[in-house]
Amino acid sequence: MTNFIQLETISKSIKRYVFAIILSTKKKNCSSMSQSIGISKKHLYEVYKNSENNAKQIESLLIKMVKKYWKKELPSVLIIDPTHIKKWFAKDIENLAYDYDGVIGRSKQCLVPVIATWTNGKITIPLSLTFWINRTFTQDYKEKRVLAQELILKLKALIPFDYVTMDGEFASEPMLKFLNKHSINYSMRIARNRVVISEDGTKSQLQHHPKLKLKRNERSRTIKGTYKGTRCYFTVHKRYSTSRKSCNTVYIVSSLDINSKKQVEAYNIRWNIEKMFRTAKQSLGLCDCQCLNIEKQRTHIFSVFLAYSKLEEQKFFKRKKSPEQILHHLRSQKPYLLKFQSLLLEQTIMS
């Protein structure tokens with residue numbers, strides 16, 4: 001048998017749990033996964049007995065994976081983005097928050113982890129997280145921007161990356177000054193109504209700036225300028241829908257000295273974290289943990305991170321388009337894999 005997912009350096013309880021996340025087609029809580037794949041609920045729940053240590057073990061393994069796949073000739077990008085883990089009807093889960101959900105158009109109860117993910121464009125590995133809580137629910141309130149900065153500094157000391165990319169939520173004066181202070185390159189979406197000054201002294205909102213007006217079939221354009229005293233590059237990009245029947249205009253702020261086409265490519269790599277969120281929520285049960293303790297919730301999230309990273313690894317090796325293709329193949333082989341689960345869990349998750 002060919003080794004598929006090797007996890008020699010972590011505890012057997014984590015191996016079982018990640019194995020269950022990948023193969024189970026039901027909800028990703030211990031009871032449902034136990035019914036789906038035949039591992040006892042008691043054995044699955046062992047992963048929560050030492051939650052904090054297990055989460056650290058997984059995070060350490062994910063860091064090692066990044067170092068393994070880092071290559072000088074490929075981009076190395078850190079992506080920071082918050083997401084919602086819906087807990088609409090929960091009452092006693094620690095670190096619950098209320099945050100605006102753009103899908104439903106109102107604020108709902110959820111956990112809000114700010115997540116750091118690494119990618120080289122070929123493989124994507126979620127690395128770390130920290131929870132945001134509303135100001136009214138905690139005495140130690142920190143803005144999402146501050147939590148993102150803490151993650152960036154933490155990972156800067158652990159992994160090499162060329163630049164960090166984030167959505168427009170983080171494109172603020174304090175964030176730009178923070179990144180410049182620590183000599184960290186960046187590429188972020190920025191609101192169209194931000195007032196900037198171009199090199200020729202023209203002061204205007206991005207959407208009205210004469211230097212950023214696209215002509216004819218022009219798709220993107222980049223200028224140098226300043227925002228709130230910070231020197232950077234501004235890019236306008238016309239983004240068409242798949243059918244090309246509609247388009248919208250996106251503005252990007254960056255410290256990278258590259259042409260407009262590469263500016264767009266540098267920011268678009270951020271989409272890898274959105275694809276990770278989709279797979280983690282729809283196929284790997286990111287939102288399914290019912291534990292009340294936040295460290296147990298963290299362990300579940302890191303286990304999903306590990307499951308996703310290993311699927312990404314196989315997608316890369318087998319030259320597939322998405323981790324879902326690997327996942328669907330594995331689940332089609334579930335009866336065979338479950339037959340050998342006791343052997344597989346000794347050295348690997350599956351073969």
Side-chain angles (χ1 to χ4, degrees), residues 62-63 65-83 114-130 144-191 194 196 206 212 220-237 239 250-277 309 312 316:
L62 295 172
I63 294 292
M65 285 182 67
V66 169
K67 293 177 179 179
K68 176 182 176 182
Y69 291 107
W70 180 87
K71 291 184 179 180
K72 190 174 182 179
E73 61 271 19
L74 292 175
S76 178
V77 185
L78 186 67
I79 311 170
I80 307 289
D81 202 28
T83 191
V114 179
I115 293 175
T117 298
W118 176 88
T119 185
N120 61 7
K122 296 183 180 296
I123 184 169
T124 300
I125 301 173
L127 289 176
S128 191
L129 65 94
T130 185
K144 292 177 187 174
R145 169 183 58 81
V146 175
L147 296 176
Q149 291 172 356
E150 290 176 353
L151 280 175
I152 291 169
L153 289 181
K154 171 185 173 180
L155 293 171
K156 185 174 184 284
L158 296 173
I159 61 170
F161 57 87
D162 301 324
Y163 66 94
V164 60
T165 180
M166 295 175 276
D167 206 358
E169 178 178 4
F170 295 104
S172 62
E173 178 186 4
M175 178 61 84
L176 296 185
K177 288 184 176 179
F178 163 81
L179 294 169
N180 284 334
K181 176 183 176 181
H182 294 280
S183 302
I184 299 170
N185 286 322
Y186 56 87
S187 177
M188 293 181 280
R189 187 167 177 170
I190 187 171
R194 299 293 173 87
V196 304
L206 286 168
L212 289 173
S220 60
R221 177 182 290 194
T222 297
I223 64 169
K224 292 181 182 180
T226 59
Y227 171 65
K228 302 281 189 179
T230 301
R231 296 187 60 82
C232 41
Y233 296 87
F234 303 101
T235 301
V236 58
H237 170 49
R239 181 183 293 170
V250 174
Y251 294 88
I252 301 166
V253 61
S254 169
S255 64
L256 303 171
D257 186 8
I258 49 181
N259 63 42
S260 62
K261 183 178 179 181
K262 290 184 177 179
Q263 292 280 8
V264 173
E265 291 174 354
Y267 173 73
N268 282 347
I269 205 168
R270 196 197 70 84
W271 189 246
N272 285 284
I273 199 171
E274 300 293 352
K275 293 192 287 186
M276 186 274 290
F277 288 153
S309 298
E312 275 280 299
F316 175 68

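For the salt bridge (charged side-chain N to carboxylate O under 4.0 Å, His left out) test with Asp81, the passing option among Arg270, Lys275, Lys144 is Arg270; the others fail.
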> How far apart are the C-alpha atoms of Asn268 and Arg239, what are their side-chain angles, what is the distance that settles it, and do they pass the side chain to side chain contact (heavy atoms under 4.5 Å, CB included) test?
Replying inline: CA-CA 11 Å; Asn268 282 347; Arg239 181 183 293 170; 3.6 Å; yes
>> Show, in sequence, the C-alpha distance, side-chain angles and deciding distance for Leu151 and Ile115, and conclude whether the side chain to side chain contact (heavy atoms under 4.5 Å, CB included) test is met.
In response: CA-CA 8 Å; Leu151 280 175; Ile115 293 175; over 6 Å; no
>> What verdict does the side chain to side chain contact (heavy atoms under 4.5 Å, CB included) test give for Thr222 and Asn259, after you've listed the backbone C-alpha separation in whole Å, the side-chain angles of each residue and the deciding distance to 0.1 Å?
In response: CA-CA 7 Å; Thr222 297; Asn259 63 42; over 6 Å; no
>> Test side chain to side chain contact (heavy atoms under 4.5 Å, CB included) on Lys156 and Ile184; report intermediate values, then the result.
In response: CA-CA 9 Å; Lys156 185 174 184 284; Ile184 299 170; 3.7 Å; yes
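Formation of a donor-acceptor pair under 3.5 Å by the Ser255 side chain with backbone atoms of Tyr186 is found in this model. The backbone N or O of Thr230 sits nowhere less than 3.5 Å from a side-chain atom of Thr226 that would complete a donor-acceptor pair. With hydrogens and angles disregarded, a donor-acceptor distance shorter than 3.5 Å links the side chain of Thr165 to the backbone of Ser187.
Sorted by first and then second residue, the ring pair (Phe, Tyr, Trp, His ring centres under 6.0 Å) pairs with a member in residues 149-179 read Phe178-His182; sequence neighbours excluded.
Trp118 and Ser76 get closest at one heavy-atom pair: NE1-OG, 2.7 Å. Considering every non-hydrogen atom in both Met166 and Tyr267, the closest pair reads O-CE1, 3.5 Å. Shortest non-hydrogen contact noted between Ala171 and Arg189 is CB-O, 3.2 Å. When all heavy atoms are compared, the tightest approach of Ala191 to Leu206 is O-CD1, 3.5 Å. Scanning all heavy atoms of the two residues, the minimum distance from Pro75 to Ile269 falls at CG-CD1, 4.4 Å. Among all heavy-atom pairs drawn from Leu158 and Lys67, the shortest one is O-CE, 3.0 Å.
Separating the CH2 atom in Trp70 from the CG atom in Asp162 is a distance of 8.0 Å, to the nearest 0.5 Å. Remark: Lys71 NZ to Lys122 NZ distance equals 9.0 Å, nearest 0.5 Å. The CD atom of Glu173 lies 10.0 Å from the CZ atom of Arg145; values are rounded to the nearest 0.5 Å. In this structure, CD1 in Ile125 is found 10.0 Å from OG1 in Thr117, a value given to the nearest 0.5 Å. Distance check: Ile273 CD1 to Leu78 CG gives 8.5 Å after rounding to the nearest 0.5 Å. Rounding to the nearest 0.5 angstrom, the gap separating the CG atom in Asn185 from the CG atom in Asn180 is 9.0 Å.
Under the side-chain hydrogen bond (donor to acceptor under 3.5 Å, both in side chains) criterion, Ser254 pairs with Gln263, sequence neighbours left out. Residues that satisfy the side-chain hydrogen bond (donor to acceptor under 3.5 Å, both in side chains) test with Glu265, not counting sequence neighbours, are absent from this structure.
Annotation: side chain of Val66 is not in contact with side chain of Leu155 (no heavy-atom distance under 4.5 Å).
A side-chain donor from one of Lys154 and Ser128 sits under 3.5 Å from a side-chain acceptor of the other.
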